Amino acid sequence: MPAKILVADDSKDNVEVLKTVLEYNHYQILSASNGDDAIRSARELQPDLILMDVIMPGMDGITACRTLHNDEKTRGIPVIMITAKNDPEDLKIGLEAGAVDYVRKPFIIVELLARVNAALRLKQAQDKLVEQEKKLAIMELAGAAAHELNQPLTVINCQIKLMEESIASLKDKPTREIEIIHESVRRMTEIIRKIGNITRYRTKDYLLGDKIIDLEQASEDEE
C-alpha cells in the first residue's frame, strides 16, 4: 500500500506540482488549503507524512504543526515544512513547533524526494518501535496476571480439599459436582501456566474482528 502524504498549501499550483511529482513516485496524495483543513484531515485520515506550507490564510503552517504535535492522535505524523524563508531563526521556529525537516521554495525535486523518503523511513522505524513496546507491555502484563492469579487459585484448591474432608462421612456425597470443580481448577491452572510462559506475541481472531493472544502459539513450551 502506498504511503499517504497530506499536502497543505493554499496555492493550487503548488499542490498540483507536488501531487504530480509524488504520485509519479507512487505516493497517495491528500490535500488541504489551510492549517485548519490540515489538522482536520490529519485527524480523520491519518496520513503517513504531511508537507506543510508555512504561510497560509487563517491558521498558518507553524501553528498547525504545533497543534498536530501536541495532539495525541496526530503527534506521530511527521511534518515537513515548505517555506520560502531563508532566515535560520524561521527554520528554528518550525523545528521547535514539531516539524522533522523543511524544504525551501522553489524546491528541487531530488531534494524533496530525498527528504520525503527519509521522513517516511523514520516514521516506519518509530511505528515499529511503538508496536514492539506495546507487545512487550502486553507480555509483561500477562506474566503479572499469571502471578497474581496463582494465589487465589491455591486458596480455591485448599478449600476444595477442606470441603471433601467435611463431607467424607456423608452417605450421598456430591461427587459429580466436586469433579466438575476439580476439572475447572485444572483448566484454570493450565491456562495460568501458559500465560506465565508467554515469550512471544502471537494472536488469533476473536469475536467481531478483535484479536486475542494465542496461548498455544505464544507460550515457550510450544516451541
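The model shown is predicted, which means the values in this text are computed figures rather than measured ones.
Atoms CD1 and CG, from I192 and N150 in turn, are 5.0 Å apart once rounded to the nearest 0.5 Å. L149 CG to I191 CD1: the interatomic distance, rounded to the nearest 0.5 Å, is 10.0 Å. Atom CZ of R66 sits about 7.0 Å away from atom CD1 of I62, to the nearest 0.5 Å. From N14, atom CG reaches atom NZ of K19 across 14.5 Å, with rounding to the nearest 0.5 Å. Here the CG-CD1 distance, from L162 to I167, works out to 11.5 Å after rounding to the nearest 0.5 Å. For the atom pair CD (Q124) and CG (L129), the distance works out to 14.0 Å, reported to the nearest 0.5 Å.
With contacts defined as side-chain heavy-atom distances shorter than 4.5 Å, the pair M81/L91 does not qualify. Proximity of K105 to D9: side-chain heavy atoms (C-beta onward) are separated by under 4.5 Å at one or more points. Side-chain contact check for L6 versus I77: every heavy-atom pair is 4.5 Å or farther apart. Two residues are said to be in side-chain contact when any heavy atoms from C-beta on lie closer than 4.5 Å; K12 and E16 fail this criterion.
In this structure, Q28 contributes its side chain and P47 its backbone to no donor-acceptor pair below 3.5 Å. In terms of modelled atom types and a separation under 3.5 Å, the side chain of D60 and the main chain of I55 share no donor-acceptor contact. A side-chain donor-acceptor contact under 3.5 Å links N197 to the backbone of R193.
The other residues sharing a hydrophobic cluster with V17 are I5, V7, V15, L18, V21, L22, Y27, I29, L49, L51, I80, I82, V100, V103, F107, I109, L112, L113, V116, L120, where clustering joins ILVMFWY side chains under 4.5 Å apart.
The two residues A38 and A8 come nearest to each other via the heavy atoms CB-CB, 3.8 Å. The two residues K92 and E96 come nearest to each other via the heavy atoms NZ-OE2, 2.6 Å. Looking at every heavy atom in both residues, I195 comes nearest to A146 through CG2-CB, 3.8 Å. Residues C65 and G98 share a closest heavy-atom pair of SG-C, 3.8 Å. Here the closest non-hydrogen pair linking S41 and S31 is OG-O, 4.4 Å. When all heavy atoms of Q46 and K73 are compared, the pair lying nearest together is NE2-O, 3.1 Å.
Every residue two or more places apart in sequence or in another chain was checked for a side-chain hydrogen bond (donor to acceptor under 3.5 Å, both in side chains) with T20, and none qualifies. Every side chain to side chain contact (heavy atoms under 4.5 Å, CB included) that S33 has, sequence neighbours left out, goes to D37.
The 12-atom threshold is exceeded at CD of E183, counting heavy atoms of other residues, nucleotides or ligands nearer than 6.0 Å. Crowding of I108 atom CD1: a count of heavy atoms from other residues, nucleotides or ligands under 6.0 Å not exceeding 12. More than 12 non-hydrogen atoms from other residues, nucleotides or ligands lie less than 6.0 angstrom from NZ of K123.
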Discussion item. The test is side chain to side chain contact (heavy atoms under 4.5 Å, CB included); show your working for I39 and L68 and say whether it passes.
Written reply: CA-CA 7 Å; I39 291 170; L68 291 167; 4.1 Å; yes
Worksheet item: Do E111 and R115 pass the salt bridge (charged side-chain N to carboxylate O under 4.0 Å, His left out) test, and can you show the C-alpha distance, the side-chain angles, and the key distance before you say yes or no?
Response: CA-CA 6 Å; E111 178 189 3; R115 293 182 184 273; 2.9 Å; yes
Practice prompt. With side chain to side chain contact (heavy atoms under 4.5 Å, CB included) as the test, would you mind laying out the steps for R186 and H182 before giving the verdict?
Written response: CA-CA 6 Å; R186 280 194 292 270; H182 273 303; 3.8 Å; yes
Item to complete: Step by step, work out the salt bridge (charged side-chain N to carboxylate O under 4.0 Å, His left out) result for E179 and R176.
Response: CA-CA 5 Å; E179 287 178 356; R176 177 57 184 158; 3.5 Å; yes
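Taking the charged nitrogens against the carboxylate oxygens, E164 and K161 have no contact shorter than 4.0 Å, which rules out a salt bridge.
Note on I160 and I180: separate hydrophobic clusters, where clusters join Ile, Leu, Val, Met, Phe, Trp and Tyr whose side-chain heavy atoms are under 4.5 Å apart, directly or indirectly. Hydrophobic clustering of Ile, Leu, Val, Met, Phe, Trp and Tyr side chains at less than 4.5 Å, counting indirect connections, unites M59 with L45.
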